[in-house]
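As structure tokens, the structure follows; a few thoughts come after it.
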Protein chains: 2
Amino acid sequence: MRVGTAVTTVDAAGMRAQNSSLLLNMIWRERQISRAEIARRTELSPSTVSAIVVDLERSGLVRSIGAGVSRGGRRPTLIGFCDDAFSLIGVELGATHVTAALTDLRGRVRAYRHASHAVREDPKGTLQKVRELVHAVLDAERVPRRSVAGMGVAVPSPVHPSTPGKLSPLLVPAWRDYDVQESLRSAFGLPVFVDNDANLGALSECYWGAGVNGEDLAYIKLATGIGSGHIIHGDVYRGAGGTAGEISHMAVDSSGPQCVCGLRGCLVTLIGSAALLERARELMGRKDKRTLTVRELVEGARAGEPAARQVIDGLGHYLGIAVAGLLNLLNPAIVVLGGEISSVGDLLLDPLRASVRKRALSTSMAETRIVTSALGDRAIAVGAATLVLQAALRDRTLFPLQHLGKSA
Amino acid sequence: MRVGTAVTTVDAAGMRAQNSSLLLNMIWRERQISRAEIARRTELSPSTVSAIVVDLERSGLVRSIGAGVSRGGRRPTLIGFCDDAFSLIGVELGATHVTAALTDLRGRVRAYRHASHAVREDPKGTLQKVRELVHAVLDAERVPRRSVAGMGVAVPSPVHPSTPGKLSPLLVPAWRDYDVQESLRSAFGLPVFVDNDANLGALSECYWGAGVNGEDLAYIKLATGIGSGHIIHGDVYRGAGGTAGEISHMAVDSSGPQCVCGLRGCLVTLIGSAALLERARELMGRKDKRTLTVRELVEGARAGEPAARQVIDGLGHYLGIAVAGLLNLLNPAIVVLGGEISSVGDLLLDPLRASVRKRALSTSMAETRIVTSALGDRAIAVGAATLVLQAALRDRTLFPLQHLGKSA
DNA sequence: CTGGTTTCTTCGCAGTAAGAACGAAGTCTT
DNA sequence: AAGACTTCGTTCTTACTGCGAAGAAACCAG
């Protein structure tokens with residue numbers, strides 16, 4: 001039985017590593033902070049704080065950035081985090097596209113590439129495409145391989161904790177013989193982290209979006225399928241088999257339409273992109289016209305088109321049933337809606353909140369904020385890069401050694 | 001932003017505390033293990049292991065229990081955990097009853113008391129009753145106050161993390177001015193831990209029941225209301241506001257009966273005890289007879305009564321919808337059903353599993369076991385005591401100092 | 001009985017954080 | 001403007017921890 005206890009043994013070096021991480025995290029969070037303030041907050045002794053800061057300075061992760069305001073005595077030296085000390089790579093594999101982003105340690109995108117590709121059907125070509133895009137973003141900013149801490153990859157499939165590189169053979173059968181993590185690790189010689197796209201959307205929101213200060217966050221990705229990602233105690237929650245958050249086939253209306261999965265009224269048959277566009281076409285009465293896109297639906301709703309508004313209202317209604325269940329079950333501090341359709345903002349939030357209010361415990365509802373994402377279409381790729389950042393802030397050794405010369 | 005990193009600073013004493021906890025946990029888990037084996041598994045040096053074991057022996061938590069089998073050389077001395085070193089108190093507050101259990105450090109009940117009481121309406125009398133029952137179980141085993149590590153209390157209400165002693169003013173308004181934790185702490189001078197009953201059922205299963213070896217576990221309590229508790233990474237998950245797992249009003253059938261909450265087809269209106277008994281009465285055609293009990297329903301189902309079987313089938317059907325949603329959302333390793341009705345076993349599990357299979361992702365379904373509880377009606381009280389055990393195994397200082405004399 | 005193995009303890013060593021003392025750099029009062 | 005007081009950061013000593021080598025004890029095999 002392994003019942004939630006620290007499983008890590010500690011020696012002197014481990015003690016230093018732990019305190020060092022703690023400081024690194026604090027400096028990263030605060031952006032600038034003095035040694036004295038760190039000592040006060042951590043309750044570490046001033047001498048210890050100084051010693052660790054020297055370490056961190058030597059590795060190039062932090063540096064002095066001038067004096068702060070006095071508190072009645074000598075002015076403190078502010079220590080700042082070096083956002084540019086290392087770069088991160090985030091890759092997003094969608095159903096039909098591949099993107100790569102190069103970010104700094106503050107989640108800022110310094111280079112970005114996008115390409116359409118039949119990801120599901122063509123693993124080999126996809127991996128080749130990824131290599132091209134990653135090289136492109138690295139070259140665009142002339143970033144040496146040495147200063148990259150690692151690579152995160154978002155995949156459109158659940159990821160089993162014990163085989164992080166493998167995609168689900170049921171959902172993406174063509175990838176059966178491919179290992180995303182292994183092939184990219186050997187291609188670039190970098191640490192590679194893989195996770196589900198919705199999970200990384202959640203991580204992105206937790207770090208750079210609406211989830212700031214929130215420990216427990218739920219993210220719902222509205223797209224072809226409906227996926228959710230959950231941050232619990234600041235960490236992505238993956239479940240025992242890595243399929244936590246797969247809510248496409250949650251039943252919300254037993255009298256709804258038949259789904260390919262065999263059930264009636266699955267979330268995806270009611271509010272998946274295909275269903276929404278189909279409904280919009282019906283209401284607009286333009287069956288003959290060429291394919292409608294989500295973008296057009298969003299623009300229509302914003303322009304006040306009744307049909308588009310009606311579709312969004314329906315989305316809010318059904319999504320509310322699922323969100324209410326999620327609130328009662330998980331009680332997150334915040335629910336963030338992502339995916340292109342979420343850009344309609346309040347047009348979606350108003351009916352959604354109304355629907356949720358009717359169904360959720362008033363206490364859990366009162367403590368939960370429901371918002372739409374403000375991070376845009378790069379959120380997933382940035383979330384992938386964030387996975388590396390998160391790991392490296394915990395274990396400094398992930399930041400490659402460099403700057404071996406003494407910085408007087 | 002506090003993004004899931006160790007928030008604890010470490011010094012030399014903290015290092016020892018952490019390693020000490022690690023060893024204590026291992027000895028507790030293994031029941032008996034040699035120093036050499038501990039050193040191999042933890043990768044701590046033999047000298048360190050010996051030193052810590054001396055510490056633990058001095059505090060009375062472990063002791064030598066003879067020699068083990070040789071691995072080709074000197075026979076190892078086995079160290080065993082002293083299950084009787086301290087006692088734990090677990091209290092359960094139900095809607096209409098109060099129970100108190102005295103357990104050892106292995107979850108064995110050494111004394112148990114039960115009393116009916118109008119808990120919801122009478123806070124003052126309830127607390128008085130708790131004091132009586134606790135004194136009774138202590139006296140029954142002649143346990144001195146000194147050897148009790150603490151008291152856990154299960155309450156029929158969500159518990160907000162920041163105010164653990166307060167019950168929900170919405171669900172239990174009469175308790176507005178009472179603080180369970182504070183009043184019992186001052187009454188007994190012991191550490192008091194409070195949590196929701198379903199959460200503690202989950203904890204109980206994780207330690208003593210079906211969840212052994214499972215880190216992620218979901219427990220569903222089938223009673224007047226439907227509550228669920230979740231163990232995530234070995235810890236009770238409470239959510240941001242403490243209301244995680246309140247699934248009574250999860251919507252599973254939009255064409256179902258009207259619920260007091262305003263919605264149609266809430267779980268509780270379909271499978272709450274009242275609904276099940278009502279349905280059974282209808283099917284049995286004995287509207288005139290006196291009130292049916294859950295016990296009678298269980299016995300009827302076991303005896304093969306068609307009406308009872310049909311009610312259980314319906315329970316399995318609806319519960320399956322909720323469990324499927326839970327699997328897709330949280331993907332636990334195991335789902336445990338508790339509450340009196342769950343004692344029908346396979347009669348419930350068969351239709352439940354069939355219902356779930358139709359709705360859950362096949363991958364998450366494949367990895368999840370669904371079982372009924374085997375712990376009986378004391379599970380919640382024992383879970384409350386387990387809350388203390390869990391805390392004390394992490395932080396040894398919760399075990400009160402005694403045995404100050406040298407044990408040569 | 002002898003050589004090899006395993007277990008556990010003892011002792012010196014290295015690494016870490018704590019704490020006291022101190023100089024440096026400001027602020028504030030007079 | 002001068003001196004007292006406060007805060008900041010460093011240096012040095014001390015205490016504690018875990019590690020590793022060495023050794024004693026206990027056991028097995030031939």
Side-chain angles (χ1 to χ4, degrees), chain A residues 6 8-24 26-27 30 32-58 62-80 396-397 408, chain B residues 6 8-24 26-27 30 32-58 62-80 396-397 408:
Chain A
T8 333
T9 182
V10 196
D11 61 357
M15 180 160 79
R16 180 54 154 260
Q18 195 165 330
N19 288 333
S20 181
S21 279
L22 198 71
L23 256 68
L24 186 61
M26 184 171 284
I27 298 170
E30 301 296 328
Q32 51 183 42
I33 186 170
S34 71
R35 294 173 176 83
E37 184 61 25
I38 293 174
R40 276 190 296 271
R41 292 201 202 172
T42 60
E43 296 184 302
L44 253 44
S45 70
S47 49
T48 302
V49 172
S50 279
I52 293 177
V53 167
V54 167
D55 266 16
L56 294 176
E57 273 179 327
R58 238 198 289 274
V62 309
R63 66 167 195 276
S64 295
I65 51 167
V69 293
S70 166
R71 302 197 329 152
R74 174 174 166 178
R75 293 164 64 194
T77 313
L78 294 179
I79 308 297
R396 226 183 77 201
T397 63
Chain B
T8 334
T9 182
V10 195
D11 61 356
M15 180 160 81
R16 180 54 154 261
Q18 194 165 330
N19 288 333
S20 181
S21 278
L22 198 71
L23 255 69
L24 186 60
M26 183 171 284
I27 297 170
E30 301 296 329
Q32 50 183 42
I33 187 170
S34 71
R35 294 172 177 83
E37 183 62 24
I38 293 174
R40 277 190 295 270
R41 291 201 201 172
T42 60
E43 295 183 304
L44 252 45
S45 71
S47 47
T48 302
V49 172
S50 280
I52 293 177
V53 168
V54 167
D55 266 17
L56 294 175
E57 272 179 327
R58 238 198 288 274
V62 309
R63 65 168 196 276
S64 295
I65 49 167
V69 295
S70 166
R71 303 196 330 150
R74 174 174 165 179
R75 293 163 64 194
T77 312
L78 294 179
I79 308 296
R396 227 184 76 201
T397 63

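Just so it is clear: chains get the letters A, B, ... in the order the sequence lines come, proteins before strands, and each one is counted from 1. What you see is a predicted model; the values in this text were computed from it and never measured.
Between Ser45(A) and dA18(C) there is a side-chain N or O to OP1 or OP2 distance below 4.0 Å. A sub-4.0 Å separation between OP1 or OP2 of dC8(C) and a side-chain N or O of Thr77(B) is present. Taking 4.0 angstrom as the limit, Arg40(B) places a side-chain polar atom (N or O) nearer than this to OP1 or OP2 of dT7(C). OP1 and OP2 of dT6(D) both lie 4.0 Å or more from every side-chain N or O belonging to Arg75(A). Not one side-chain nitrogen or oxygen of Ser47(B) sits closer than 4.0 Å to the OP1 or OP2 atom of dT9(C). Checking the phosphate oxygens (OP1, OP2) of dC28(D), no side-chain nitrogen or oxygen of Ser70(B) falls inside 4.0 Å. Look at Asn19(A) and you'll find a side-chain N or O under 4.0 angstrom from OP1 or OP2 of dA17(C).
Ser34(A) contributes no side-chain N or O that forms a donor-acceptor pair with the base of dG9(D) under 3.5 Å. Evaluation of atom-type donor-acceptor distances gives no pair under 3.5 Å for the side chain of Arg74(B) against the base of dC27(D).
Between the P atom of dT16(C) and the CD1 atom of Ile52(A) lies a distance of 9 Å, rounded to the nearest Å. Between the CZ atom of Arg35(A) and the P atom of dA17(C) there is a distance of 16 Å, rounded to whole Å. Atom-to-atom, CG of Asp11(A) to C1' of dC16(D) comes out at 14 Å; the value is rounded to the nearest Å. Atom CZ in Arg16(A) sits about 18 Å away from atom P in dC19(D), given to the nearest Å. Between Met15(B) atom CE and dC19(D) atom P the separation is 8 Å, expressed in whole Å. Nucleotide dG9(D) holds its C1' atom 12 Å from the CD atom of Glu57(A), rounded to whole Å. Whole-Å rounding puts the Leu44(A) CG to dG19(C) P distance at 11 Å. Atom pair Ile38(A):CD1 and dC8(D):P shows a separation of 12 Å (rounding to whole Å applied).
Between the side chain of Thr42(B) and the backbone N or O of Leu44(B), at least one donor-acceptor pair lies under 3.5 Å. At distances below 3.5 Å, at least one donor-acceptor pair connects side-chain atoms of Ser70(B) with backbone N or O atoms of Gly72(B). Although no hydrogens or angles enter the test, the distance criterion places no donor-acceptor pair under 3.5 Å between the side chain of Arg75(A) and the main chain of Val69(A).
No engagement by Val49(A) is indicated, since no non-hydrogen atom pair under 4.0 Å with the nucleic acid exists.
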Might you list the N or O atoms of the protein lying below 3.5 Å from N or O atoms in nucleotides 28-30 of chain C, with each pair's distance?
none

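Thr48(A) and Ser45(A) share a donor-acceptor pair across their side chains, judged by distance under 3.5 Å alone. A donor-acceptor pair shorter than 3.5 Å can be found between the side chains of Arg396(B) and Ser20(B).
Residues Val10(A) and Ser50(A) both approach DNA chain D. Their nearest nucleotides, taken by heavy-atom distance, put Ser50(A) toward the 5′ side. Nearest-nucleotide mapping onto DNA chain C: of Arg71(A) and Ser20(A), the residue sitting toward the 5' end is Ser20(A). Nucleotides of DNA chain C nearest to Glu43(A) and Val54(B) differ in position, and the one nearer the 5' end is that of Val54(B).
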For side chain to side chain contact (heavy atoms under 4.5 Å, CB included), just list the numbers for Met15(A) and Asp11(A), CA-CA rounded to whole Å, side-chain angles, deciding distance to a tenth of an Å, and then say yes or no.
CA-CA 6 Å; Met15(A) 180 160 79; Asp11(A) 61 357; over 6 Å; no
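In this structure, CE on Met26(A) lies 11.5 Å from CG on Leu24(A), to the nearest 0.5 angstrom. Separating the CD atom in Glu57(B) from the OG atom in Ser50(B) is a distance of 9.5 Å, to the nearest 0.5 Å.
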